[in-house]
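Pasting a structure below so you can have a look.
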There are 2 protein chains.
Amino acid sequence: MSLPHAILTALLEKPSSGLELTRRFDRSIGYFWSATHQQIYRELGRLESDGLIRALPAEQPARGQKKSYEVLPAGRAELARWTAASQDLKPVRDVLLLRLRAAAVVGTEGIEADLRRHLALHQRQLAEYQEIEERDFGPGKDTAQDRLQHLVLRAGIDLETFWTQWLTRALEEFEDLPGPA
Amino acid sequence: MSLPHAILTALLEKPSSGLELTRRFDRSIGYFWSATHQQIYRELGRLESDGLIRALPAEQPARGQKKSYEVLPAGRAELARWTAASQDLKPVRDVLLLRLRAAAVVGTEGIEADLRRHLALHQRQLAEYQEIEERDFGPGKDTAQDRLQHLVLRAGIDLETFWTQWLTRALEEFEDLPGPA
DNA sequence: TTGCTCATGTAACCCGTTACATGATTCG
DNA sequence: CGAATCATGTAACGGGTTACATGAGCAA
């Protein structure tokens, strides 16, 4: 039950149409909560019929017509409630770790190339986050809001740093291993 | 499509019944791929009808009767194929980071207590991993299989270390913030 | 008028979750 | 015998994923 709250957050930051939201879920918010346009339209419909958001301008009834939404007071209240509520942490589910465990049983053949691929992807993501940090969080950015957003970005940076280091170590380990031949 | 492969891995490590698998998914494998008993039974049924595993002993047809499974050659082959196959990495989906982003908009009231709770949980998990490391991966454990499993455990340790550090930093940040009062 | 892009949707499927059901075994 | 526990399931639901459908606006 987090997608509606992700959308409420995005709409509070800036009222948007479905497609604009989709674009923002490809960067920004999407860095820690991804969503496709199908999910977003479905959820916008629910939020509207629940009275948490409303379509912005004069009635635009049709398909193919842009339709922007803004958050209603009830929506803001719901988001505040959800943000403050205690939530259990979800158990980890990581395919790559699972594959390594499987490789310990059926052999490592073929997996090394994919580790390299993942390493490159994480390095790229890390670089992107670091660019954002330099661009958006220089000195003089320390309102409460800036500091919270910076904190979230730091989590992204540290996570990607972890993965690049761990994958590098994993690949070193593979060089020492008996090898596929 | 990872649960069947998690089960195949577990069954190759040791043939088991549904409930025994469930127990192992509460520790061990469950540390990076969790599953409930309902999922496991459903999937065992599929794997059996697909010819990847088979029930072990004489026909035990009934409910309430223990039923163990072992992996068939086709199952091992499928697991090897899956392990070697390139797989896209799933986008991050982290509720806590989302909540902080929301807090930047609707206020931080109430969230600090939950950060503390999360910190305690991650510290506990970290301690558990470190115990496992000391117990199971002392010197003299460096077959290929040991080293792969140790690598996976290191990922768990490093991830929990990241979260404890990041949450600690986050809580420090909150002490400096304007505060809810 | 054809095709491309913007924009909003529908439909079907699968996995994970939650609640519940039922038989077997053991122990007081 | 009754209750707890072990063990195997069924059923319903919801979110995420994938594939497809439809309309508007614009440009070659």
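Computed from a predicted model, the values in this text were never measured in an experiment. A, B, ... follow the sequence lines: proteins, then strands. Residue 1 opens every chain. Both backbone and side-chain heavy atoms feed into the values below; hydrogens, waters and symmetry mates do not.
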- Hey, does the side chain of B:Q39 come within less than 4.0 Å of C:dC15's phosphate (OP1/OP2), counting only N and O? no
- Message: Side-chain N or O of B:Y41 versus OP1/OP2 of D:dT8: is the shortest distance under 4.0 Å?
- Response: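 For D:dT8, OP1 or OP2 has a side-chain N or O of B:Y41 closer than 4.0 Å.
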- Item | Below 4.0 Å: OP1/OP2 of D:dA11 and any side-chain N or O of B:R42 |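 No, outside the criterion.
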- Note on the structure: Rounding to 0.5 Å, atoms CD (B:E160) and CZ (B:F162) come to a distance of 10.5 Å
- Residues A:L97, A:R101; criterion side-chain contact (heavy atoms from CB on, under 4.5 Å); working and verdict: CA-CA 6 Å; A:L97 297 179; A:R101 176 95 172 218; over 6 Å; no
- In whole angstrom, give the distance that lies between atom CG of B:L19 and atom P of D:dT5. 14 Å
- Message: If hydrophobic clusters are built by linking Ile, Leu, Val, Met, Phe, Trp and Tyr wherever their side-chain heavy atoms come under 4.5 Å apart, do A:L3 and A:L89 end up in the same one?
- Response: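 Different clusters.
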- Item | Interatomic distance, B:L56 CG vs D:dA7 P [rounded to whole Å] |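 It is 15 Å, rounded to the nearest whole Å.
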- In whole angstrom, what separates A:I40's CD1 from C:dA7's P?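 Spelled out: CD1 on A:I40 to P on C:dA7 is 14 Å.
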- Message: Classify the ring geometry of B:H122 against B:W163: parallel below 30°, tilted from 30° to 60°, perpendicular beyond 60°.
- Response: parallel
- Message: Base, sugar-phosphate or nothing for A:S17? Non-hydrogen atoms, less than 4.0 Å.
- Response: sugar-phosphate
- Task: Nearest whole angstrom, please: distance from the P of D:dG9 to the CG of B:L21.
- Result: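 Between P of D:dG9 and CG of B:L21: 12 Å.
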- Query: So how far is it from B:T161 OG1 to B:Y129 OH, rounded to the nearest 0.5 Å?
  - Reply: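 That separation rounds to 11.0 Å.
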- Query: Want to settle it: does B:E43 or B:H37 sit nearer the 5' end of DNA chain C, counting the closest nucleotide to each?
  - Reply: B:E43
- Message: Whole angstroms only, please: what is the CD-P distance between A:Q38 and D:dT22?
- Response: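 Taking CD of A:Q38 and P of D:dT22, I get 16 Å after rounding.
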- Query: So, is B:R46 near the phosphate of C:dC15, with a side-chain N or O under 4.0 Å from OP1 or OP2?
  - Reply: yes
- Task: Let me know the distance between OH of A:Y69 and C1' of C:dG9, rounded to the nearest Å.
- Result: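 A:Y69 atom OH is separated from C:dG9 atom C1' by 10 Å.
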- Starting at CG of B:L47 and ending at P of C:dC15, how long is that distance when rounded to a whole Å? 11 Å
- Message: Rounding to an integer number of Å, can you tell me how far A:K67 NZ sits from D:dG23 P?
- Response: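 To the nearest whole Å, that distance equals 16 Å.
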- Item | First encountered from the 5' end of DNA chain D, between B:R23 and B:K90 | B:R23
